[in-house]
Number of protein chains: 2
Amino acid sequence: MPASSIRARVRAEMIDEIKAVARRHLATDGANLSLRAVARDMGMVSSAIYRYVPSRDDLLTALILEAYDGLGDAVEAADASTDPHDLRGRWHAVCRAARDWALAHPAEYALLYGSPVPGYAAPDDTVLPAQRPPLTLVGILRDGLADGRLTVPAEEPPEPVRADLAALADVFFPGMPAALLARGMAGWTQLFGLISFELFGRLNQTISHRDTYFGHQVDLMADLIGLPRPE
Amino acid sequence: MPASSIRARVRAEMIDEIKAVARRHLATDGANLSLRAVARDMGMVSSAIYRYVPSRDDLLTALILEAYDGLGDAVEAADASTDPHDLRGRWHAVCRAARDWALAHPAEYALLYGSPVPGYAAPDDTVLPAQRPPLTLVGILRDGLADGRLTVPAEEPPEPVRADLAALADVFFPGMPAALLARGMAGWTQLFGLISFELFGRLNQTISHRDTYFGHQVDLMADLIGLPRPE
DNA sequence: ATTCGTCAAGAGCAGTGCTCTCTATTTTGA
DNA sequence: TCAAAATAGAGAGCACTGCTCTTGACGAAT
C-alpha cells in the first residue's frame with residue numbers, strides 16, 4: 001500500500017515535529033509542557049494535536065523515553081570508545097559523557113532525574129533504559145575484576161544489603177562481589193548527585209570551574225572504588 | 001495597641017493555616033500547588049486568599065524557606081547531640097538526620113532538591129539556610145582537623161578548583177585545606193544523591209533494605225574522607 | 001462514484017493565577 | 001462617641017490550561 005504509506009509517513013513526520021517543538025518548549029518552560037502552546041507553534045488548533053498525541057502525559061513519556069535513550073547512547077558510546085583496559089579512563093569518560101549530555105539537555109535531564117511529576121507514574125518501559133548508565137559504570141568494574149586490575153574490597157556490606165546486592169548482581173553481573181557492586185552504586189550516586197547539584201544551581205557562587213571540579217570529584221570517587229591510577 | 005493586635009493575631013493564624021493547608025496539598029499534588037484549592041479547603045473564595053499571600057510563588061518561597069530551616073535544624077541538632085570527638089558518629093548522625101527529615105517531608109524535600117521550578121528563581125534569603133547542611137558536614141571535618149584526629153589528604157585538587165575551594169574556606173572555615181574541603185563536598189554530594197535516589201524511586205526493585213543501604217553508603221563515604229573508624 | 005477513514009477546526013467544560021470592584025466589618029483617631 | 005480609614009471577604013472577569021465532542025472537508029479504497 002504505497003498510497004496509504006505516504007499518509008503514514010506524513011503522520012510520523014508530524015509526530016516527530018510535535019516532539020521537537022515540545023522539546024523546545026521543555027527547554028524554556030520546564031516540565032509544565034503545554035499542548036496548546038505546541039499546537040500554536042505548529043499553526044494548529046489545539047484540538048488537532050490530539051490526533052497525533054493521546055495526551056500530554058503520553059507526550060511527556062515519549063520525551064522521557066527518548067531522553068533515557070539519548071543519555072544511554074552517549075554513555076555507552078563513551079565507554080566503547082575508550083581503551084577497555086584503562087579502567088579509570090573509562091570511568092572518567094562515562095561520567096563526562098553523562099555530564100555533557102546533561103549540560104546539553106538540561107530540561108530533559110531534569111525530567112529524568114529531578115523531582116518526579118506528581119500524578120505521573122513512570123511506565124515500565126522506562127526502567128530498562130534508565131538502568132543503562134549504572135550498568136555501564138558497573139560494567140567497568142566487572143571488566144576490571146575479570147582481568148585482575150581491580151581488587152575486591154576486603155569487607156562485605158552488612159547482611160541485608162549484601163543480599164540485595166547479590167540478587168542484583170545475579171541478574172546483571174553474575175559473580176560480582178557485593179562489596180564491589182556497592183562501590184559501583186556509590187559511584188553512580190555520586191555521579192548524578194554531582195550533575196544535579198551543578199544543574200540545579202547548588203554550586204552557584206561557590207564553584208566557578210565546574211569542569212575541573214567535576215573531574216576532580218569523579219577522581220575522588222574512582223579512588224574510593226579502587227580504580228588503578230595511571231602511571 | 002491590644003485592639004489592633006487581635007486582628008494581627010488572627011491574620012497571622014490565617015497565614016499559618018494557609019501554609020499548613022498548602023503543605024498538605026504539596027504532599028499529595030507535588031509542586032503544582034493550587035491557591036484556589038487551598039482557598040477552597042479553607043472555605044474561602046479564591047480571591048480572598050490574596051489578602052494573606054501575595055502570590056503563589058511567594059507562598060512557595062515561604063514553604064521553601066521553612067523547609068530549609070526545618071532540615072537545617074534537624075541536621076544541626078543531630079550534630080550537636082553527638083559526642084563531638086566521635087567524628088564518624090557525627091557524620092553518620094548528620095546524614096541520618098537529613099535522610100530522616102527527607103523521608104518525613106518528601107514533598108518539601110523535592111521542592112528543595114528536585115528540579116527547579118521553571119519560572120521560579122530562588123530568592124537570596126534561601127541561600128544561607130540552604131548552606132546549613134553542607135556547613136554542618138564540613139564543620140565535622142574542621143573539628144577533626146583541629147584536634148588532629150583527621151589527616152589532610154596528601155594531594156591538592158587541580159589548581160582552579162583549589163582556588164575556588166580556598167575562597168570558600170576563607171569565608172566559612174578559615175585555614176581549612178582545599179583537599180579536605182573537596183572531600184567534604186564529595187560527602188555532601190553523595191548524601192543528597194543518596195536521598196534523592198531513594199526518594200525519587202531510583203532504588204525501587206533493587207534495594208529493599210534502604211536503611212542499612214544508606215548507612216553502608218555513608219560509611220563508604222566516611223572512609224573516603226578519612227574519618228577514623230571506631231575501635 | 002460512493003463509501004469510509006482521517007484530519008482540522010470550533011465550541012465547550014472544568015480547572016488555573018491573578019486583578020478589580022463592591023460591600024461589610026473592624027479598627028483607629030479626633 | 002462618631003466619623004474616617006483600613007481591612008476582609010465576595011464576585012465577576014481575563015487569559016490560560018487539558019481534554020472531549022461535534023461538524024465539515026478531504027483523500028483513498030472499493
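Order of the sequence lines fixes the chain letters, A, B, ..., with proteins taken first and strands second; residue numbering starts at 1 for each chain. Every value quoted in this text rests on a predicted model; they were computed, and no experiment measured them.
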Asker: Determine whether the side chains of D58(B) and T61(B) contain a donor N or O and an acceptor N or O closer than 3.5 Å.
Answerer: no

Asker: Just checking S55(B): base, sugar-phosphate only, or nothing, at a heavy-atom cut-off of under 4.0 Å?
Answerer: sugar-phosphate

Asker: Nearest to the side chain of M44(B), which nucleotide is it out of dG10(C), dT16(C), dG9(D)?
Answerer: dG9(D)

Asker: Counting just side-chain N and O atoms, does R36(B) come under 4.0 Å of either OP1 or OP2 of dG15(C)?
Answerer: no

Asker: How close or far is atom P of dT6(C) from atom CE of M14(A), stated in whole angstroms?
Answerer: 15 Å

Asker: Check whether any side-chain nitrogen or oxygen of R51(A) sits under 4.0 Å from OP1 or OP2 of dA8(C), and answer yes or no.
Answerer: no

Asker: Please give, in whole Å, the distance from dG18(D) C1' to I18(A) CD1?
Answerer: 15 Å

Asker: Stepwise, does the side chain to side chain contact (heavy atoms under 4.5 Å, CB included) test hold for Y213(B) with D164(A)?
Answerer: CA-CA 9 Å; Y213(B) 175 77; D164(A) 274 345; over 6 Å; no

Asker: In whole Å, I'd like the distance from the CZ atom of R11(B) to the P atom of dG9(D).
Answerer: 9 Å

Asker: Just to verify, which of D79(B), T82(B), T136(B) counts as forming a side chain to side chain donor-acceptor pair (under 3.5 Å) with R90(B)?
Answerer: D79(B)

Asker: Using the six-membered ring wherever Trp is involved, compare the ring planes of Y68(A) and Y113(A) and label them parallel, tilted or perpendicular (cut-offs 30° and 60°).
Answerer: perpendicular

Asker: Give the rounded distance in Å between these two atoms: NE2 of H25(A) and P of dC16(D).
Answerer: 13 Å

Asker: Whole angstrom is fine here: how far is it from CG in N32(A) over to P in dG18(D)?
Answerer: 10 Å

Asker: Under 4.0 Å from OP1 or OP2 of dG18(D): is there any side-chain N or O of S34(A) that close?
Answerer: yes

Asker: In whole angstroms, how far is the C1' atom of dT16(C) from the CG atom of D29(B)?
Answerer: 13 Å

Asker: Please state how far atom CG in L60(B) lies from atom P in dG17(C), giving the value in whole angstrom units.
Answerer: 10 Å

Asker: Begin from the C-alpha positions of L71(B) and H105(B) and carry the test side chain to side chain contact (heavy atoms under 4.5 Å, CB included) through to its verdict.
Answerer: CA-CA 9 Å; L71(B) 173 60; H105(B) 309 86; over 6 Å; no

Asker: By nearest heavy atom, map S47(A) and A37(A) onto DNA chain D; which one lands nearer the 5' end?
Answerer: A37(A)

Asker: Could you check how far CG of D58(A) sits from P of dT20(D), rounded to whole Å?
Answerer: 11 Å

Asker: Kindly say if Y52(A) contacts the phosphate of dA8(C), meaning a side-chain N or O under 4.0 Å from OP1 or OP2.
Answerer: yes

Asker: Tell me whether the side-chain N/O atoms of R40(A) come closer than 4.0 Å to OP1 or OP2 in dT17(D).
Answerer: yes

Asker: Mapping A48(A) and L33(B) to their closest nucleotides on DNA chain C, which lands nearer the 5' end?
Answerer: A48(A)

